[in-house]
Amino acid sequence: MPELPEVETIRRQLSQEIVGRKLNGKKIAGVRRRAKILIIDFIDGSSLIFHLKLTGQLIFNGERSSYTRRIFKFDDGSQMVFNDMRKFGWWKEVKKTKSIEENFGPEALDINLKNFKILLRKRPNAKIKPLLMDQKFIAGIGNIYSDEILFASGVQPIRQVKTLSEKEVERIWRNTKKILQEAIKYHGTSERSYVDAYGRKGNYLSHLKAYQREGKKCLRCRTTIKRIKLGSRSAHFCPKCQR
DNA sequence: CAATCGTCCTGCGGGC
DNA sequence: TGCCCGCAGGACGATT
């Protein structure tokens, strides 16, 4: 599922290819990301924004497939294909992105420890995993990386924020940065249909330590990884390493 | 205000 | 073998 690392991978690659080109006569000034949204800015101040949701793909010079919803053609003959098997994804032309951007909490990669602690204090009763996935709270983390962050931090997904020690909060903050950055380095996780802007799979899947490892042995202590339902989502964790 | 649940959609895998 | 059912999850809206 495209989360922050996947969208960021696509953003970096697309930026290399399309900045300076024209789309519908409008010159592209830059490509940004906010939360899991990809934003193509034009020099006239307007933007074209995308949300890939679960199965969206944006492929530079990709070819039409049965899942292609739209092809964006650039002035030099190159193109960008938007595929989406499940049809949850969307794109939109907007004059301003401000009202969209302000719906999100701080970027997961940008927030400092002090502000992360302040943020957590506002939600003492929330369970940590759903909170990390709440885009209004903190932006960019989804089901895969919340499991990975909490595994690395030794914290169970159901833990209430107010029960977290200072050290646990610091570990969660540090591992959020570490894991997201590592996943970007490997061009994301291709668990299902995710591919990057060149149609290639990401390589972080083999680095996952919790997500989708139910029934397998914990890579740290050999205990069997558990899966529980939290809200309507699945959470994977090691009952021994994570407390 | 916060937490939970249903909803959108389609491919896939388990079970009979 | 083939069919049916349920599951997967981002984010929004309705409900409690």
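Predicted model only: the values in this text are computed from it and were never measured. Below, read A as the first sequence line, B as the second, and so on, with proteins coming before strands; counting in each chain starts at 1.
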Whether [Y] and [X] form a salt bridge (side-chain N of Lys/Arg under 4.0 Å from carboxylate O of Asp/Glu) is what I want to check.
| X | Y | answer |
| --- | --- | --- |
| A:K98 | A:E102 | yes |
| A:E168 | A:R243 | no |
| A:R11 | A:E8 | yes |

Atom [atom1] of [X] and atom [atom2] of [N]: how far apart are they, to the nearest Å?
| X | N | atom1 | atom2 | result |
| --- | --- | --- | --- | --- |
| A:L52 | C:dA11 | CG | C1' | 14 Å |
| A:L131 | C:dG10 | CG | C1' | 16 Å |
| A:H236 | C:dC7 | NE2 | P | 14 Å |
| A:M1 | C:dC7 | CE | P | 16 Å |
| A:N143 | C:dC7 | CG | P | 15 Å |
| A:K229 | C:dG6 | NZ | C1' | 10 Å |
| A:R34 | C:dA11 | CZ | C1' | 15 Å |
| A:Q212 | C:dC7 | CD | P | 15 Å |

With nearest nucleotide decided by heavy atoms, which residue, A:A126 or A:M85, maps closer to the 5′ end of DNA chain B? A:A126

Starting at the 5' end of DNA chain B, which residue's closest nucleotide do you reach first, A:K122 or A:G231? A:K122

What is the nucleic acid contact for [X], judged by heavy atoms within less than 4.0 Å: base, sugar-phosphate only, or nothing?
| X | value |
| --- | --- |
| A:T55 | nothing |
| A:Y211 | sugar-phosphate |
| A:N125 | sugar-phosphate |
| A:F137 | nothing |

How far apart are the closest heavy atoms of A:I111 and A:P106, and which atoms are they? CD1-CG, 3.7 Å

Check against ring-ring contact (aromatic ring centres under 6.0 Å, His included), A:Y204 and A:Y194: CA-CA 12 Å; A:Y204 197 71; A:Y194 166 75; over 10 Å; no

Ignoring backbone atoms, test whether A:H51 places a side-chain nitrogen or oxygen under 4.0 Å from the OP1 or OP2 oxygen of C:dG10. no

Any side-chain N or O of A:K136 less than 4.0 Å from the OP1 or OP2 oxygen of C:dC12? yes

Does any N or O in the side chain of A:Q160 come within less than 3.5 Å of the main-chain N or O of A:I128, such that one atom is a donor and the other an acceptor? no

Counting distance only, does the side-chain N/O of A:R64 pair as donor-acceptor with the main-chain N or O of A:T68 below 3.5 Å? no

N/O donor-acceptor pairs under 3.5 Å from side chains in residues 136-158 of chain A, not counting sequence neighbours:
from, atom 1, to, atom 2, distance (Å)
A:N143, OD1, A:K129, NZ, 2.6
A:N143, ND2, A:S234, O, 3.1
A:Y145, OH, A:E6, OE2, 2.6
A:Y145, OH, A:T189, OG1, 2.7
A:S146, OG, A:K129, NZ, 2.9
A:S146, OG, A:G142, O, 2.8
A:S146, OG, A:N143, O, 3.1
A:D147, OD1, A:K129, NZ, 2.7
A:D147, OD1, A:H236, N, 3.4
A:D147, OD2, A:H236, N, 3.0
A:D147, OD2, A:H236, ND1, 2.7
A:E148, OE1, A:K209, N, 2.7
A:E148, OE2, A:K209, N, 3.3
A:E148, OE2, A:A210, N, 2.8
A:E148, OE2, A:Y211, N, 2.8
A:S153, OG, A:I149, O, 2.7
A:S153, OG, A:R171, O, 3.3
A:S153, OG, A:N175, ND2, 3.0
A:Q156, NE2, A:Q242, O, 2.9

With rounding to the closest Å, how many angstrom separate the P atoms on B:dG11 and C:dT1? 23 Å

Nt span of DNA chain B in reach of chain A heavy atoms at under 4.0 Å, 5' end first, is B:dA2 to B:dG11

Is A:F88 stacked on the base of C:dA11 when the test is centres under 5.5 angstrom and planes under 30 degrees? no

